[in-house]
There are 2 protein chains.
Amino acid sequence: MKNSREPDFPDSFDYGQFLPALAIDCVIFGYSEDGLKILILGYKNTSYFSLPGGFIRKREAIDDAAKRILEERTGLKDIYLNQFYAFGNLERSDPELMKMIMENNGFTPSDDHWLLQRFVSLGYFALVNYKRVKPRPGFLSDSCRWYGIHELPELIFDHAKMVEQALEILRRDVYSKRIGENLLFEMFTMGELQKLYESILGEKLHRTGFHRKMMRSGLLKRLGKKKTGGAHRSPYLYSFRSDKPKHAIS
Amino acid sequence: MKNSREPDFPDSFDYGQFLPALAIDCVIFGYSEDGLKILILGYKNTSYFSLPGGFIRKREAIDDAAKRILEERTGLKDIYLNQFYAFGNLERSDPELMKMIMENNGFTPSDDHWLLQRFVSLGYFALVNYKRVKPRPGFLSDSCRWYGIHELPELIFDHAKMVEQALEILRRDVYSKRIGENLLFEMFTMGELQKLYESILGEKLHRTGFHRKMMRSGLLKRLGKKKTGGAHRSPYLYSFRSDKPKHAIS
DNA sequence: TTATCATTGTTTCATATCGAAACAATGATA
DNA sequence: TATCATTGTTTCGATATGAAACAATGATAA
């Protein structure tokens, strides 16, 4: 078993342990009061950014690989994961760019270096608790931080399209799955939940309609009251019902 | 360019032209009056069946590979295609079974034969016109025919799960995409369309509600009348509006 | 102690959708 | 000309949603 403290891909790394030509990229969503965010890696000595990604071991299920990659970058286990699309056109690969990124890290890869091959990438997205994450840069990257979904830096390859598509699926499923549970905390007020939904959907929602809709959806459970000071009526606390499936992937 | 009349995978075949460890499997839906069908291959001299599948060339987009595979089995181009999921757990591979299938075809593959490796498979589904298809068996298979979705033979690997999942997505999208266009003909009556939808959804639909819903969806266009003899009011003919996207994949 | 105020929870009303059923239209057949 | 099966349209009731009014409540200020 590999210790996640080792550098991920040193120069002498054994790429042979992975399935070739197949990668995983993750759109990791987090949320704070200023809105929905995504965890982005910055490559050392360059102005290039990318989604956290990785490869699949030869005897590893793809979902397990995605979980491992997520844990390597966030330190979190047991998070909401959703495989949403496989990206595999020819234009998405850019060996020149990857070579340049490697060179800026002191590597001089040959033209047939493993990392320069054409990859098909499986897109996963994850919903994580922003405050629990300990962002960890990986091999080739020296930054790992959150960016608001409207303030993303320019991403390599087709990663911007991946983000867009992940967001689309997230929006589609937002009223039918336990989205919000991993982005917020275990308990939250209806107002907090509404702000999260507005941030995901990119539009203002009507307060009373949202309240009814969420309660009728059967996803929520109402708990006791919240007393934390506020010069107004104290809101109830809510949580997601535990009898509904917690994750898209078990 | 490979001529599709060549046998697909003769013993001396150059597997090196493909991306390793990555496959494509296709759930090809067709429809006739007795219901929704799927195109299934039967392996020679065995009682095993599988979805039509294939591999991806090293310089070929995955969508193009799916189109090529579909054309090889059906003779059709320009069909409704939808990539719906990547299947990649470890249990899905069964080299013993594949070896047996090959042996029943007169091959004696070594244990490290290319076809016996672990594959991740990209699931696509297609909607085709049943009557236009010329089913063509491929390498290892000697039958290629339609099976009703409730009369499928036992499929290898996780192909039954693939069918199930494809059907789920088809059902989810049935009211928002131009489904029906490629399963029926260019023009159809509302009754014909309703029967198709009932077959897809697996339930009876209410006639008048269906009529309204389809017309309100904006997907349909009403044409002139149909006169073909019937001792009753002649139904209108309908088609899908051409200003909506025709395929899920361009 | 009391009035004020912001926010939350509930109710009401108009509108749109959908299932269900009634009703009207139509074209072949008897 | 009457009958009949099927299709298209309309209506009615139940339900969901947008919008707004109304009630409740807990801190703060007078």
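The sequence lines fix the lettering, A, B, ..., with proteins before strands; numbering per chain opens at 1.
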Asks: How would DNA chain C look in dot-bracket form, 5' to 3', counting Watson-Crick and G-U wobble pairs with both distances under 3.5 Å and writing | for bases paired to another strand?
Replies: ||||||||||||||||||||||||||||||
Asks: Assign a letter to each nucleotide of nucleotides 10-16 of chain D from its 5' end: B, base within under 4.0 Å of a protein heavy atom; S, sugar-phosphate only; -, no contact.
Replies: -B----S
Asks: Figure out the NZ/P separation between A:Lys204 and D:dG18, and round it to whole Å.
Replies: 15 Å
Asks: Would you say a side-chain N or O of A:His232 is under 4.0 Å from OP1 or OP2 of D:dG26?
Replies: no
Asks: Indicate, with a heavy-atom threshold strictly under 4.0 Å, whether A:Tyr175 touches base, sugar-phosphate, or nothing.
Replies: nothing
Asks: Give the rounded distance in Å between these two atoms: CZ of B:Arg233 and P of C:dC23.
Replies: 17 Å
Asks: Can you list every pair that meets salt bridge (Lys or Arg N to Asp or Glu O under 4.0 Å) and has a residue in residues 154-166 of chain B, with sequence neighbours left out?
Replies: B:Arg92-B:Asp158
Asks: Using side-chain contact (heavy atoms from CB on, under 4.5 Å) as the criterion, list what pairs up with A:Ser32, not counting sequence neighbours.
Replies: A:Asp34, A:Lys37, A:Tyr130
Asks: Looking at C:dA22, C:dG9, C:dC18, which one has an atom nearest to any side-chain atom of B:Lys213?
Replies: C:dC18
Asks: Could you tell me whether the phosphate oxygens of D:dG8, OP1 or OP2, come under 4.0 Å of any side-chain nitrogen or oxygen in B:Tyr238?
Replies: yes
Asks: Given A:Glu168 and A:Arg171, is the salt bridge (charged side-chain N to carboxylate O under 4.0 Å, His left out) satisfied, shown in steps?
Replies: CA-CA 5 Å; A:Glu168 207 173 291; A:Arg171 286 175 177 156; over 6 Å; no
Asks: Rounding to a whole Å, what distance do you find between B:Met215:CE and C:dT17:C1'?
Replies: 17 Å
Asks: Expressed in angstrom and rounded to an integer, what is the separation of A:Arg222 atom CZ from C:dT8 atom P?
Replies: 13 Å
Asks: With distance as the sole criterion, is a donor-acceptor pair present between the side chains of B:Asp142 and B:Tyr43 under 3.5 Å?
Replies: no
Asks: Round to a whole Å and report the spacing from CD of A:Glu192 to P of C:dG9.
Replies: 11 Å
Asks: Roughly, in whole Å, what's the span from CD in B:Glu203 to C1' in C:dG19?
Replies: 12 Å
Asks: With sequence neighbours left out, what residues match B:Tyr147 under side-chain contact (heavy atoms from CB on, under 4.5 Å)?
Replies: B:Ile40, B:Phe49, B:Arg145, B:Leu152, B:Pro153
Asks: Under 4.0 Å: is that the gap between some side-chain N or O of B:His211 and OP1 or OP2 of D:dT9?
Replies: yes
Asks: Quickly work out the A:Arg207 CZ to D:dA24 P distance and round it to whole Å.
Replies: 15 Å
Asks: Under a 4.0 Å N-O cut-off, is there an ion pair linking A:Arg68 with A:Glu72?
Replies: yes
Asks: What integer distance in Å separates B:Leu193:CG from D:dG8:P?
Replies: 11 Å
Asks: Applying side chain to side chain donor-acceptor pair (under 3.5 Å), which residue pairs with at least one partner in residues 196-205 of chain B are found, sequence neighbours left out?
Replies: B:Gln194-B:Glu198
Asks: Please figure out whether B:Thr189 or A:Ser234 has its closest DNA chain D nucleotide nearer the 5' end.
Replies: B:Thr189
Asks: Cation-pi check, A:Lys221 to A:Phe240: give yes when NZ or CZ is under 6.0 Å from the six-membered ring centre and within 45° of the ring axis, no otherwise.
Replies: no
Asks: Answer yes when B:Glu33 and B:Lys131 have at least one side-chain N-carboxylate O distance shorter than 4.0 Å, and no when they do not.
Replies: no
Asks: A:Phe210 or B:Met190: which one's nearest nucleotide on DNA chain D is closer to the 5' end?
Replies: B:Met190
Asks: With a 4.0 Å cut-off, would you call B:Glu181 and B:Arg178 a salt bridge?
Replies: yes
